[in-house]
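Below: the structure, in structure tokens.
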Amino acid sequence: MSRLNRYYLAPDLVITYPDGQPHLHLPSVKRTFKVDWKVCEIISMFSSEDTSLQPIFSESMVTSIVEHLVKNGILIEKETDYNLTIEQIVAEWQDWDESSWFLHLQTKDTKFETTEEGRLKNVEEFRKKSSPAPQYFKCNCATSSIKLPTPSKLLDQTLVNSFMKRRSCRRFSEEPISLQNLADVLFYTGGILFTNDTHSYGIVAKKPSPSPGGRHSIELYPIVNACEGLRSGVYHYCQKHHALHLIEAEEDVKPFLYDVLYGQDYFLNAAVTVFYTSVIDRLKWKYNTSRAYRLMHLETGHYAQNFLLTCTALGLGSFVTAAFKDSAIEEKLGVCGVHEVAMYVSGMGHIVFDKTTRSDIEYGQVLPEGIEIRLPIGDHS
């Protein structure tokens with residue numbers, strides 16, 4: 001058995017037991033193998049530092065299993081050049097634990113059909129095997145519905161001003177925002193501009209925020225602290241009807257926010273904090289690949305940028321944070337955490353302006369003339 005020293009295990013090999021049976025994953029090549037305990041026994045020999053270990057099977061069986069493992073890239077010959085990039089990623093990303101490099105490799109270099117002929121063929125095959133598209137919105141308006149004002153045109157602001165003045169705000173006054181402000185921010189973040197019935201993918205919604213494949217998996221849940229005309233509590237934004245559904249009224253939402261935002265107390269005076277979720281089945285229906293996990297985050301970022309720029313155009317302060325307790329938020333919103341998951345948090349409110357001069361600010365070398373830049377407040381900047 002000394003010849004077994006010629007091999008080592010692929011550095012990105014991951015073993016899982018989703019159905020009680022071992023599955024070998026090689027995320028770098030997107031391959032999965034369902035095996036039995038005998039294969040795991042052989043693999044364990046290569047993961048042990050004790051070279052004196054002997055297999056409990058016949059030499060012919062060991063040879064056969066090893067040959068299959070080598071053929072499928074699970075065992076690597078030591079004299080063979082291997083992909084050093086994969087080894088580097090696995091070695092240097094260890095501080096982030098295995099989930100980071102596994103996800104990165106599993107979702108890297110996903111194939112997309114780019115030729116017109118291939119695309120049309122794939123679309124036709126998709127139509128034949130696909131179930132109807134999931135509904136592109138959630139609506140609880142039959143239970144309760146609070147109609148929001150028609151969005152305003154934001155005529156007093158330009159895109160350049162929003163770019164120049166957008167800053168993360170961590171100091172809010174306790175002054176309520178108007179219902180019109182809330183309506184504007186929700187609409188320009190996740191409101192529907194129009195829908196159309198497509199040849200292959202059913203009815204799709206078009207919004208101010210872009211979405212992979214027009215699937216729009218994101219749902220918005222405003223947590224209202226201080227907004228004119230609304231009770232304090234937890235709401236859902238119905239994009240279909242531009243309306244709010246009250247999930248739970250709460251006299252004071254700050255204790256909940258303090259807990260789920262890990263004690264980031266500088267956000268507690270925000271007038272409204274918005275939780276973003278992703279309804280995974282909407283993306284999975286079209287993109288049935290692990291790459292969709294990246295798409296969820298990209299889409300959330302598109303929505304959040306619209307949120308920030310709209311708040312800035314309205315003269316409101318805004319923030320985003322990824323430091324939150326997913327499970328606690330999902331429980332509060334009444335979502336399962338499987339088909340719909342927490343993704344991001346943003347908030348808005350009236351700004352407490354800093355009257356002092358910032359001596360530590362160094363402006364960029366290239367700025368448009370005559371444009372005012374809103375300086376961040378010194379604390380927590």
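Values in this document were obtained by computation on a predicted structure and should not be read as measured data.
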Q.
Could you walk me through whether Glu219 and Arg282 satisfy the salt bridge (charged side-chain N to carboxylate O under 4.0 Å, His left out) test, starting with their C-alpha distance in whole Å, then the side-chain angles of each, then the deciding distance to 0.1 Å, before giving a yes or no?
A. CA-CA 11 Å; Glu219 292 288 336; Arg282 295 180 195 168; 2.7 Å; yes

Q) Is the number of heavy atoms from other residues, nucleotides or ligands within 6.0 Å of CD (Gln94) greater than 12? A) yes

Q. Hey, what do you get for CG (Leu193) to CD (Gln239), rounding to the nearest 0.5 Å?
A. 11.0 Å

Q | Step-by-step side-chain contact (heavy atoms from CB on, under 4.5 Å) determination, Val185 to Ile177 | A | CA-CA 11 Å; Val185 172; Ile177 63 170; over 6 Å; no

Q) Among the clusters formed by ILVMFWY side chains lying less than 4.5 Å apart, do Val274 and Val320 turn up in the same one? A) yes

Q: Identify the two heavy atoms, one from Ser131 and one from Trp285, that lie closest to each other, and give their separation to 0.1 Å.
A: O-NE1, 2.7 Å

Q | Test salt bridge (charged side-chain N to carboxylate O under 4.0 Å, His left out) applied to Asp95 - qualifying residues, sequence neighbours left out | A | none

Q) More than 12 heavy atoms of other residues, nucleotides or ligands under 6.0 Å from NZ of Lys284: is that the case? A) no

Q.
Angle between ring planes, Tyr7 versus Phe46, binned at 30° and 60°: parallel, tilted or perpendicular?
A. perpendicular

Q. Is a side-chain donor-acceptor pair under 3.5 Å present for Asp184 with Gln180?
A. yes

Q) Side-chain heavy atoms under 4.5 angstrom apart, residues restricted to Ile, Leu, Val, Met, Phe, Trp, Tyr: same cluster for Ile280 and Leu295? A) yes

**Q.** Aromatic contact, Trp37 with Tyr17 (centres under 6.0 Å)
**A.** no

Q. Can you tell me if Glu299 and Ser211 form a side-chain donor-acceptor pair at under 3.5 Å?
A. yes

Q) Only one of Arg171, Arg170, His350, Lys254 forms a side chain to side chain donor-acceptor pair (under 3.5 Å) with Asn269, so which one is it? A) Lys254

Q. Of the non-hydrogen atoms in Glu340 and Cys336, which two are nearest, and what is the gap between them?
A. N-SG, 3.7 Å

Q: Could you tell me the separation between the CD1 atom of Ile247 and the NE2 atom of His236, rounded to the nearest 0.5 Å?
A: 7.0 Å

Q | Gap separating the CD1 atom of Ile329 from the CE atom of Met343, nearest 0.5 angstrom | A | 12.0 Å

Q. What is the ring orientation for Phe267 with Phe319, classed by angle as parallel under 30°, tilted 30 to 60°, or perpendicular over 60°?
A. parallel

**Q.** Distance-minimising heavy-atom pair for Asp259 and Lys325
**A.** OD1-NZ, 2.8 Å

**Q.** Within 6.0 angstrom of Tyr293 OH, more than 12 heavy atoms from elsewhere
**A.** no

Q | Inter-residue atom distance Asp36.CG - Glu41.CD, 0.5 Å rounding | A | 11.0 Å

Q) Can you list the steps and then say if Arg215 with Tyr136 is a side-chain contact (heavy atoms from CB on, under 4.5 Å)? A) CA-CA 7 Å; Arg215 302 322 309 158; Tyr136 57 89; 5.8 Å; no

Q: Taking the side chain as every heavy atom from C-beta outward, state whether Ile203 and Asn196 have any pair of such atoms under 4.5 Å apart.
A: no

Q | Sequence-distant partners of Asp19, salt bridge (charged side-chain N to carboxylate O under 4.0 Å, His left out), two or more places apart | A | Lys34

Q) Considering all heavy atoms of both residues, which atom of Tyr344 and which atom of Thr321 are nearest to each other, and what is their separation? A) CD1-O, 3.4 Å

Q | Minimum side-chain heavy-atom gap Leu268-Phe172 below 4.5 Å | A | no

Q | Tyr258 atom OH, neighbour heavy-atom count above 12 within 6.0 Å | A | no

**Q.** For Phe256, all residues meeting ring pair (Phe, Tyr, Trp, His ring centres under 6.0 Å), sequence neighbours excluded
**A.** none

(Q) Show, in sequence, the C-alpha distance, side-chain angles and deciding distance for Thr63 and Val66, and conclude whether the side-chain contact (heavy atoms from CB on, under 4.5 Å) test is met. (A) CA-CA 5 Å; Thr63 299; Val66 168; 5.9 Å; no

Q) For the residue pair Trp96 and Trp93, does the interplanar ring angle fall in the parallel (under 30°), tilted (30 to 60°) or perpendicular (over 60°) class? A) tilted

Q) So, do Arg294 and Lys108 sit near enough that their side-chain heavy atoms are less than 4.5 Å apart? A) yes

Q: Answer yes or no: does atom NZ of Lys78 have more than 12 heavy-atom neighbours from other residues, nucleotides or ligands under 6.0 Å?
A: yes

Q: Could you state whether Leu261 and Ile223 fall into the same hydrophobic cluster, counting links through intermediate Ile, Leu, Val, Met, Phe, Trp or Tyr residues with side-chain heavy atoms under 4.5 angstrom apart?
A: yes

Q: Drop me the distance from Phe57's CZ to Ser64's OG, to the nearest 0.5 angstrom.
A: 12.0 Å

Q: Consider only side-chain N and O atoms of Ser278 and Ser217, and report whether a donor and an acceptor are under 3.5 Å apart.
A: yes

Q: Output, in order, the C-alpha distance, side-chain angles, deciding distance and verdict of side-chain contact (heavy atoms from CB on, under 4.5 Å) for Leu148 and Phe187.
A: CA-CA 10 Å; Leu148 291 168; Phe187 177 78; over 6 Å; no

Q. Do you know which two heavy atoms are closest between Leu308 and Ser318, and how far apart they sit?
A. CD2-OG, 3.3 Å

Q. Parallel under 30°, tilted from 30 to 60°, perpendicular over 60°: which one fits the rings of Tyr303 and His216?
A. perpendicular

Q: Please indicate whether His68 has more than 12 foreign heavy atoms, meaning atoms of other residues, nucleotides or ligands, lying under 6.0 Å from its NE2.
A: no

Q: Determine whether Val39 and Leu24 make a side-chain contact, defined as any pair of heavy atoms from C-beta on separated by less than 4.5 Å.
A: yes

Q | Heavy-atom side-chain contact between Val253 and Lys332 under 4.5 Å | A | no

(Q) Quick check: His242 with Tyr237 (ring centres under 6.0 Å apart)? (A) yes

Q | Residue pair Met348 / Cys311: nearest heavy atoms and the distance that separates them | A | CB-SG, 3.6 Å

Q. Hey, are the side chains of Val341 and Met296 touching, using non-hydrogen atoms and a 4.5 Å cut-off?
A. yes

Q: Mind checking the CZ-CG spacing from Arg231 to Leu246? Nearest 0.5 Å is all I need.
A: 6.0 Å

Q.
Quick one, Phe324 and Phe275 - any side-chain contact, counting heavy atoms below 4.5 Å?
A. no

Q) Does a donor on one side chain and an acceptor on the other come within less than 3.5 Å for His25 and Thr16? A) yes

Q.
Taking the side chain as everything from C-beta on, heavy atoms only, tell me whether Ile43 gets closer than 4.5 Å to Val35.
A. no

**Q.** Within 45° cone of Tyr201 ring axis and under 6.0 Å: Lys286 NZ or CZ
**A.** yes

